Amino acid sequence: MKQNKMKVIGLAGGVGTGKSTVATLLEKEYAAFVIMADKIGHLAMEPGTDTYEKIVVLFGQEVLNEDKTVDRKKVSDLVFSNPVLLQQLNQIIHPFVEQFIKNEIERIRKAGKYSYFFIESAILIETGYQSVCDEIWVVQTEELIRRKRLKQSRGYSDEKIDEIMAKQMGEKELCSYADKILINNGSIEEIKEQLENLLV
């Protein structure tokens, strides 16, 4: 049986660069399989998982809703200004996400339906996911545009944006890992044109 030559690509970029928009285009317009690392991280907080139990031990019952599900906003608020707590949370979540992604890569590869498997993550390099990728694509956007998007779409203040950007890998360093760079300063059509040139 011929081995499917599916390519695994990491899709990285800082907050507000439009990674999710690019990921949605890849899925809908180019029939790529896309997995969002953040959403897999949410699964790690679901009751019934080993990771859920560890999170409750780490944060206590006060982060639980009435139905015993984890209040992700409470967790996010607690770790945002506490690097030690964030590191402890990451040590619980990231192994779960990494194993989930590896399992999905094998499942999708065996199914033989896709030529491309994309892993979308804001912290792709920091978490070491590049080790499972054939290529790294970085979405790059001018800072003023990123700020405008974040204010409009999420209602973030300049202070909030500054704090988030300060915690993420700098654009220059991130681009040093890139095999391909997508410039997302303009329209959807401009992104499509770049994708059509890259997906060859």
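In this text, all values refer to a predicted model and were calculated from it rather than measured experimentally.
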*Quick one: CD on Glu126 to NZ on Lys167, what's the gap to the nearest 0.5 Å?*
13.0 Å

*So Phe117 and Arg109, side-chain contact (heavy atoms from CB on, under 4.5 Å) or not? Walk me through it.*
CA-CA 9 Å; Phe117 184 111; Arg109 181 172 277 130; over 6 Å; no

*Is there a path from Phe118 to Val132 through hydrophobic residues (I, L, V, M, F, W, Y) whose side chains come within less than 4.5 Å of each other?*
no

*Begin with the C-alpha distance, continue with both residues' side-chain angles, and end with the deciding distance and a verdict on side-chain contact (heavy atoms from CB on, under 4.5 Å) for Leu64 and Thr69.*
CA-CA 6 Å; Leu64 297 181; Thr69 55; over 6 Å; no

*For Ala12 against Leu124, the heavy-atom pair lying closest together*: CB-CB, 4.0 Å

_Asp71 side chain to Val63 backbone, donor-acceptor under 3.5 Å_ = no

*Heavy-atom distance under 4.5 Å between the side chains of Gln168 and Ile123, does that happen here?*
no

*Check step by step if side-chain contact (heavy atoms from CB on, under 4.5 Å) holds for Lys102 and Tyr129.*
CA-CA 10 Å; Lys102 284 178 177 177; Tyr129 295 147; over 6 Å; no

*Rounded to the nearest 0.5 Å, what separation is found between the OG atom of Ser176 and the CD atom of Glu171?*
11.5 Å

_Donor-acceptor check, side chain of Glu173 to backbone of Gly170, threshold 3.5 angstrom: yes or no?_
no

*asked:* Taking the side chain as everything from C-beta on, heavy atoms only, tell me whether Tyr116 gets closer than 4.5 Å to Leu26.
replied: no

_Pairwise side-chain contact, Tyr177 with Val138, heavy-atom cut-off 4.5 Å (strictly under)_ = no

*Report yes or no: does Lys19 contribute a side-chain atom to a donor-acceptor pair with the main-chain N or O of Gly13 at less than 3.5 Å?*
yes

*Taking the side chain as C-beta and beyond, is there a heavy-atom pair between Glu120 and Ser20 under 4.5 Å?*
yes

*Taking a hydrophobic cluster as the set of Ile, Leu, Val, Met, Phe, Trp and Tyr residues connected by side-chain heavy atoms closer than 4.5 Å, whether directly or through intermediates, do Val139 and Val34 fall within one such cluster?*
yes

*asked:* A cation-pi test, strictly: NZ or CZ of Lys192 under 6.0 Å from the centre of the six-membered ring of Tyr30 and no more than 45 degrees from its axis. Yes or no?
replied: no

_Could you check whether Glu142 pairs with Arg146 (Lys NZ or Arg NE/NH1/NH2 to Asp/Glu carboxylate O, under 4.0 Å)?_
no

*Could you give the distance from CG (Leu182) to OG1 (Thr21), rounded to the nearest 0.5 Å?*
12.0 Å

_Quick check: is Val97 connected to Ile92 through a chain of hydrophobic side chains (ILVMFWY, heavy atoms under 4.5 Å apart)?_
yes

*Taking Asn184 for the side chain and Thr141 for the main chain, is one N or O donor matched with an acceptor at less than 3.5 Å?*
no

*Donor-acceptor pair, Asn65 side chain versus Asp67 backbone, under 3.5 Å?*
no

_Can you tell me how far apart SG (Cys175) and CD (Gln140) are? Round to the nearest 0.5 Å._
4.0 Å

*Do Asn82 side-chain atoms and Leu85 backbone N/O form a donor-acceptor pair below 3.5 Å?*
yes

_Salt bridge or not between Glu135 and Lys180? Use side-chain N to carboxylate O under 4.0 Å._
yes

*Shared ILVMFWY cluster between Phe100 and Val70, side chains joined below 4.5 angstrom?*
yes

_Strictly by salt bridge (charged side-chain N to carboxylate O under 4.0 Å, His left out), give each pair with a member in residues 149-160 just once, sequence neighbours left out._
Arg147-Asp158, Lys151-Asp158

*Consider only side-chain N and O atoms of Glu193 and Asn197, and report whether a donor and an acceptor are under 3.5 Å apart.*
no

*Side chain to side chain, Glu27 and Phe33, heavy atoms closer than 4.5 Å*: no

_Side-chain touch Val79/Phe59, heavy atoms, less than 4.5 angstrom_ = yes

_Joint cluster assignment, Ile119 & Ile93, ILVMFWY side-chain distance < 4.5 Å_ = yes

*Just how far is it from atom OG1 of Thr17 to atom CD of Glu143, taken to the nearest 0.5 Å?*
12.0 Å

_Other cluster members, Ile181 - Ile/Leu/Val/Met/Phe/Trp/Tyr, side-chain contacts below 4.5 Å_ = Ile183

*asked:* Is there a side-chain contact between Asp134 and Ile9 in this structure, where contact means two heavy atoms from C-beta onward sitting under 4.5 Å apart?
replied: no

*Report yes if some heavy atom in the side chain of Met6 is under 4.5 Å from a heavy atom in the side chain of Ile105; otherwise report no.*
yes

*How about Lys148: does its NZ atom have over 12 heavy atoms from other parts shown lying under 6.0 Å from it?*
no

_Rounded at 0.5 Å granularity, tell me how far CD1 in Ile108 sits from CD1 in Ile35._
8.0 Å

Without placing hydrogens or testing angles, list every side-chain donor-acceptor pair under 3.5 Å for residues 36-51, not counting sequence neighbours.
unit_1 : atom_1 : unit_2 : atom_2 : d
His42  : NE2    : Arg72  : NE     : 3.4
Thr49  : OG1    : Ala44  : O      : 3.3
Thr49  : OG1    : Glu46  : O      : 2.8
Thr49  : OG1    : Thr51  : OG1    : 3.1
Thr49  : OG1    : Tyr52  : N      : 3.0
Thr51  : OG1    : Ala44  : O      : 2.6

*Is Asp179 reaching over with its side chain to a backbone N or O of Ile136, donor-acceptor style, under 3.5 angstrom?*
yes

*asked:* Walk me through whether Thr127 and Glu98 qualify under side-chain contact (heavy atoms from CB on, under 4.5 Å).
replied: CA-CA 9 Å; Thr127 47; Glu98 185 177 1; over 6 Å; no

